Amino acid sequence: MRRRLAMRTDRAGRAGPREWIGLAVLALPTMLIGIDMTVLHLATPYLSEQLDPSSTELLWIVDIYGFFVAGFLATMGTLGDRIGRRRLLLTGAVAFAAASLLAAYASTVPMLIAARALLGIAGATLMPSTLSLISNMFRDAGQRRVAIAVWMTNFSIGGMIGPLIGGALLEHYWYGSVFLLGVPVGAVLLIAGPLLLPEYRDPQAGRLDLSSVALSIAMVLPVVYGIKQLAQGGVNGPPLLSIATGLVMGVVFVRRQLKLSDPMLDLRLFARPGFGVSLGGQTMGLFVVTGTQFLVLQYLQLVLGLSPLKAGLWALPAMTAGVVGTLLAPLLANRTSPAWTMAGGFFLSVPGLVLITQVGMDSGPAFVVTGFSITSFGVQAALALTNDVIISSAPPERAGSASGVGETGAELGNALGVAIVGSVSAAVYRSRMEGFPPGLRPDLAEAARATLGGAAKLAGRLPERAGSELLALAQSAFTDGMHVAAVVNAGVLLILGAASLTLLRRRSGDSSPEDFDAELSDSDAVPGGR
């Protein structure tokens, strides 16, 4: 009989030193994902100059990683329950490092898009494996919240060191060098994982339903693509048809899950109001943060003229604020309640976006960074608790599946944040790009109207006066687009804050932390619960 690999805990079920050392290893994939997201945002202007992608291609380069992660996360979470979460984690680390090399040396736009897609599939193996392992290693509710907060903090740390290292690389090397950062992190994980991490799997897991896998992908990708196209080109037939196709596939997916004895996604989890609200809060909270960060980094470089390294340094306060918010959230939740902490975080973020609406072309970096820091602090504090609610709603043997659902929402929020917020800003930008310098050829005017990076590139080739006029026009148009996007994001956060208070509070008043945890573990609330 094979010896079961299990972490030792004390009689009270509290984690010991080995669990906390294992947590440090589990933080590495999270850091890797954070690095990959932020370095690409910083490299966007360089990428535009060297590969000359169209505005649509540029968005696909940025978006497709998150789209494929979102499409495969539920699958990978369920697969980890079946084959072992550590095994899936280490396999994903190898695949991610290999795909990073391919992206680093991509010489064409299609090749880079394909490499980013492969990175997305590999990345989908990492996040649900780490989060589900945490749920098994830390059974005590208070320790679990702290462990998840530490785990999330490393995503922010990855976001912090990504711009710094990436900015330094972009100062001296080609844009693809930023992708090489994933290789050493993957190597460390591959070496340390077998030594420090236990293995967990569902001993009674059924087979993986390949039809459900295909349907889950066919559900997510057409909807995301259609929304992005609507935001870019307005209402027309093809995007609406794409969204309708995804929704139909979603209905088929749900009906299949209800019929299967061992579904890929346990839809009964959505019967819990806390689960649904937390999943929505995680998705839309990251939608706001990622979309805002995407625009702020471009503003720092293309409007204020900062170098990539300086832009990365100016992004540090916002990243630090997010780390502080993440670490403070479990302490506040223990003193008040998860509902009040989540709602407070979302509401607190709104003034930061209001500040961003007041940013001008000559405001300087401190003004926009202050606004983004306030938003990052509040949203990350709320998100520190959404993950805990999501994984606590599932029995231990289905933790991988629940983690996959949660991370699907997170990555979908990341992808949609760039796609929709970026597209809203781009739509405003194009509408403001009127009054070009006299004599500018129509094809050149269209290139300037497509992206701010294209306008900046063209301005450098024109006579000094004409180039200055074009650049000023483009920078003003981009700033207007950022203002509109900030207003949209503020509305999203207000809705999230209200939903957190309305649906996460008990009917008779706000619950204590102990009552809240007891509700989440109630087996009557979720059939098959622990």
Side-chain angles (χ1 to χ4, degrees), residues 37-38 41 156 159 163 231 280-304 311 314-326 328-329 341-384 386 410 413-429 432 452 475-501:
M37 289 294 294
T38 55
H41 291 177
S156 298
Q282 182 160 279
T283 301
M284 298 310 297
L286 286 169
F287 169 97
V288 171
V289 170
T290 305
T292 303
Q293 177 179 285
F294 179 65
L295 296 179
V296 167
L297 285 175
Q298 290 192 75
Y299 172 84
L300 291 174
Q301 293 178 83
L302 297 177
V303 176
L304 299 185
W314 273 105
L316 277 178
M319 302 296 181
T320 303
V323 169
V324 173
T326 299
L328 283 179
T341 304
M342 288 172 61
F346 287 132
F347 287 137
L348 179 62
S349 305
V350 175
L353 293 169
V354 173
L355 280 180
I356 292 178
T357 65
Q358 304 304 307
V359 170
M361 293 171 56
D362 55 354
S363 298
F367 198 90
V368 69
V369 168
T370 298
F372 184 37
S373 297
I374 294 172
T375 299
S376 179
F377 174 86
V379 173
Q380 294 296 344
L383 297 184
T386 57
N414 282 327
L416 288 177
V418 176
I420 296 180
V421 175
S423 297
V424 168
S425 175
V428 175
Y429 171 82
R432 299 288 196 275
L452 175 56
Q475 290 173 339
S476 176
F478 180 87
T479 304
D480 290 343
M482 188 172 66
H483 293 166
V484 173
V487 172
V488 172
N489 284 337
V492 170
L493 291 177
L494 289 173
I495 293 172
L496 291 178
S500 298
L501 283 181

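None of the values given here were measured: they were computed from a predicted structure. Numbering of residues begins at 1 and proceeds along the displayed sequence.
- Residues passing the side chain to side chain contact (heavy atoms under 4.5 Å, CB included) test with Leu348, sequence neighbours excluded: Phe377.
- Here the side chains of Gln298 and Leu452 are not in contact, with every heavy-atom distance at 4.5 Å or above.
- Contact record, Pro317 with Ser373: C-OG, 3.5 Å, taken as the closest heavy-atom pair.
- Partners of Thr386 according to the side chain to side chain donor-acceptor pair (under 3.5 Å) rule, which considers only residues two or more places apart in sequence or in another chain, are Gln282.
- Contact check for Met319 versus Gln380: no side-chain heavy atoms found under the 4.5 Å cut-off.
- Scanning both residues, Leu494 and Phe347, for their nearest heavy atoms gives O-CE2, 3.7 Å.
- The backbone N or O of Gly413 lies less than 3.5 Å from no partner atom in the side chain of Thr283, so there is not a single donor-acceptor pair.
- Put simply, the side chain of Thr357 gets close to the backbone of Val354: a donor and an acceptor are under 3.5 Å apart.
- Considering all non-hydrogen atoms of both residues, Ser425 and Gly481 come closest at OG-C, 3.6 Å.
- Checked options Leu286, Leu496, Leu493; the residue passing with Val379 is Leu493 (criterion: side-chain contact (heavy atoms from CB on, under 4.5 Å)).
- With rounding to the nearest 0.5 angstrom, the CG atom of Leu295 is 10.5 Å from the OG1 atom of Thr479.
- Proximity of Leu383 to Thr326: side-chain heavy atoms (C-beta onward) are nowhere separated by under 4.5 Å.
- Annotation: side chain of Val421 is not in contact with side chain of Thr292 (no heavy-atom distance under 4.5 Å).
- With rounding to the nearest 0.5 angstrom, the OG1 atom of Thr290 is 10.0 Å from the CG atom of Asn489.
- In this structure, Tyr299 and Ser363 have side chains that are in contact, with non-hydrogen atoms separated by less than 4.5 Å.
- Within the model, atoms CG of Leu353 and NE2 of His483 stand 12.0 Å from one another, a figure rounded to the nearest 0.5 Å.
- Of the possible polar contacts, none joining the Ser376 side chain to the Phe372 backbone as a donor-acceptor pair under 3.5 Å is found.
- Leu300 approaches Pro365 most closely through the heavy-atom pair CD2-CB, 3.8 Å.
- Residues Leu297 and Gln293 meet the side-chain proximity criterion, which asks for heavy atoms closer than 4.5 Å.
- Heavy atoms only, all atoms of each residue included: Phe287 and Ile420 are closest at CE1-CB, 3.8 Å.
- Using a 4.5 Å heavy-atom cutoff, the side chains of Val428 and Phe478 are not in contact.
- Scanning all heavy atoms of the two residues, the minimum distance from Ala329 to Ala384 falls at CB-CB, 3.7 Å.
- In this structure, Met482 CE and Tyr429 OH are separated by 14.0 Å, a value rounded to the nearest 0.5 Å.
- Contact of the Ser476 side chain with the Arg432 side chain is not registered, since no non-hydrogen atoms from C-beta on lie closer than 4.5 Å.
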